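Working notes for the structure below.
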Number of protein chains: 2
Amino acid sequence: MFDLDFRSRKAIYVQLVDKVKQLIIKDVLKDDEKLPSVRELAQQLTINPNTIQKAYRELESQGYIYSVKGKGSFVHPSKKMENVEELKKVREQLKKLLAEAIYLGMTAEEIESLINEVEGGQQDD
Amino acid sequence: MFDLDFRSRKAIYVQLVDKVKQLIIKDVLKDDEKLPSVRELAQQLTINPNTIQKAYRELESQGYIYSVKGKGSFVHPSKKMENVEELKKVREQLKKLLAEAIYLGMTAEEIESLINEVEGGQQDD
DNA sequence: AATACTGTACTATATATACTAATACAGATA
DNA sequence: TATCTGTATTAGTATATATAGTACAGTATT
């Protein structure tokens, strides 16, 4: 379910955070759906449980999942505009990235078609 | 000219790469303008010349500057659509970030107004 | 030619971060 | 009780980052 690249210079827990976020955003993981347990996923991916926990902690702090001791970790139902802090960060990142894209030659039209593509949801990488 | 945050968990050379890119994108640094020399900038920022060199090497590999032994490092004149590899990366990043922004509640209209804002250039952070 | 700038390369070292490992505790569930 | 969950702590190792020192090559000025 979550395929990682161990040769990547990107930290494993960061890759995992990104993957889960993508799956939630694309609605592959539905609201309140249970994620694999820390130990189960660690065994599946043959990595340390602590690394999974670190990823889950990060996802929780960003508001994408919630965890309940003894029960598990679940997808946080998306209430739009709720996670103001995260939205602020993303807007700043977006501004920089848009400037870079335009500098490199992307047109506003191209970007808008990207938006449309993404708005539909369920597209893959 | 390049103010850094030493308390940040972001690597110094990464911060420097971002800063220079932003200045080039915003046309604060003009085509073929000479950047401070490795040693000069190192002294200014009170960091090691090797760290500056690492940032410059990265900027060169991304096509933002070019360096000439014995002369210095200069802003690479932007030929749009030339740096295909970099553009590809940016497009992928943009796609992910757009999906995230929309998930968090940004509307297409908001994003388009961001594009307009950025297209004008010379805006600051 | 001499000097003083440039970029670039290399080795060594210190520190921070990322990851692994093992263990323990607390809550939920059957 | 037994077994599943998340969570916390401590320790050791590997990698990334930054510093330090030195050296070499090309350019420009005198």
Side-chain angles (χ1 to χ4, degrees), chain A residues 1-21 24 29 31-77, chain B residues 1-21 24 29 31-77:
Chain A
M1 185 165 205
F2 311 98
D3 51 319
L4 304 176
D5 178 7
F6 292 95
R7 287 167 309 178
S8 169
R9 45 271 153 231
K10 216 175 191 176
I12 291 176
Y13 84 96
V14 175
Q15 289 184 53
L16 195 54
V17 167
D18 286 347
K19 285 278 178 197
V20 174
K21 268 163 84 168
I24 292 177
L29 293 172
D31 285 358
D32 295 307
E33 181 171 341
K34 189 174 181 312
L35 295 171
S37 81
V38 167
R39 290 173 182 80
E40 187 189 341
L41 189 53
Q43 199 168 18
Q44 250 184 55
L45 302 176
T46 63
I47 57 181
N48 194 280
N50 294 335
T51 305
I52 309 288
Q53 199 207 335
K54 187 166 185 180
Y56 279 12
R57 195 190 307 139
E58 176 67 19
L59 283 164
E60 188 167 19
S61 87
Q62 287 186 26
Y64 283 89
I65 71 174
Y66 63 94
S67 297
V68 184
K69 210 185 286 185
K71 303 192 75 172
S73 298
F74 308 86
V75 175
H76 192 110
Chain B
M1 187 164 203
F2 312 99
D3 49 321
L4 304 176
D5 178 8
F6 291 96
R7 288 166 309 176
S8 169
R9 45 268 154 233
K10 215 174 190 179
I12 292 177
Y13 86 95
V14 174
Q15 289 185 51
L16 195 54
V17 166
D18 286 347
K19 284 279 177 193
V20 174
K21 268 163 86 167
I24 292 177
L29 293 171
D31 285 359
D32 295 306
E33 181 172 341
K34 190 175 182 306
L35 294 171
S37 80
V38 167
R39 292 173 181 79
E40 186 189 339
L41 189 52
Q43 198 169 20
Q44 250 183 55
L45 302 176
T46 62
I47 56 182
N48 195 282
N50 293 333
T51 305
I52 309 287
Q53 198 208 334
K54 187 168 185 180
Y56 278 13
R57 194 190 306 137
E58 176 67 19
L59 284 164
E60 188 167 17
S61 87
Q62 288 187 25
Y64 283 89
I65 70 172
Y66 62 93
S67 296
V68 184
K69 212 185 283 186
K71 302 191 76 171
S73 298
F74 308 86
V75 175
H76 193 109

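Below, chain A is the first sequence line, B the second, and so on; all start at residue 1. The structure presented is a predicted model; accordingly, all values stated were derived computationally and were not measured.
When the P atom of C:dC19 is taken as reference, atom CG of A:Leu45 falls 13 Å away, rounded to whole Å. Going from atom CD of A:Gln43 over to atom C1' of C:dA21 covers 15 Å, rounded to whole Å. The CG-P distance, from A:Leu16 to C:dA18, rounds to 15 Å in whole Å. Between the CG atom of B:Asn50 and the C1' atom of C:dG7 there is a distance of 12 Å, given to the nearest Å. One can place CG of B:Leu41 at 14 Å from C1' of C:dG7, the figure rounded to the nearest angstrom. Protein atom CD1 of A:Ile47 is 9 Å distant from nucleotide atom P of C:dC19, rounded to whole Å. In this structure, B:Lys10 atom NZ and C:dT17 atom P are separated by 15 Å, rounded to whole Å. To the nearest angstrom, P of C:dG7 lies 18 Å from NZ of B:Lys54.
The side chain of B:Ser37 places an N or O atom within less than 4.0 Å of a non-bridging phosphate oxygen (OP1 or OP2) of C:dT6.
At least one donor-acceptor pair closer than 3.5 Å links the side chain of B:Gln15 to the backbone N or O of B:Asp5. In this structure a side-chain-to-backbone donor-acceptor pair under 3.5 Å is missing from B:Glu58 to B:Val17.
Rounding to the nearest 0.5 Å gives a distance of 13.5 Å between CG of B:Asn50 and OH of B:Tyr13.
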Should B:Ile12 and B:Leu45 be marked as a side-chain contact (heavy atoms from CB on, under 4.5 Å) after you check the CA-CA gap, both sets of side-chain angles, and the distance that decides it?
CA-CA 11 Å; B:Ile12 292 177; B:Leu45 302 176; over 6 Å; no
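Applying the 6.0 Å contact sphere to CD of B:Gln43 captures no more than 12 heavy atoms from other residues, nucleotides or ligands.
Here the closest heavy-atom approach between residue B:Ala55 and residue B:Leu16 is recorded as CB-CD2, 3.7 Å. Of all the heavy atoms in A:Gln62 and A:Lys21, the pair that sits closest is OE1-NZ, 2.9 Å. In terms of heavy atoms, B:Phe2 sits closest to B:Leu41 at CD1-CD1, 3.6 Å.
Applying the salt bridge (charged side-chain N to carboxylate O under 4.0 Å, His left out) rule to A:Lys10 yields the partners A:Asp18; only residues at least two apart in sequence or on another chain are considered.
On the nucleic acid side, DNA chain D has its first and last nucleotide under 4.0 Å of a heavy atom of chain B at D:dT17 to D:dA28, going 5' to 3'.
If you check every strand for non-hydrogen atoms under 4.0 Å, A:Arg39 touches a base.
In the region residues 56-76 of chain A, proximity to DNA chain C at under 4.0 angstrom, judged on heavy atoms, holds for A:Lys69, A:Gly70, A:Lys71.
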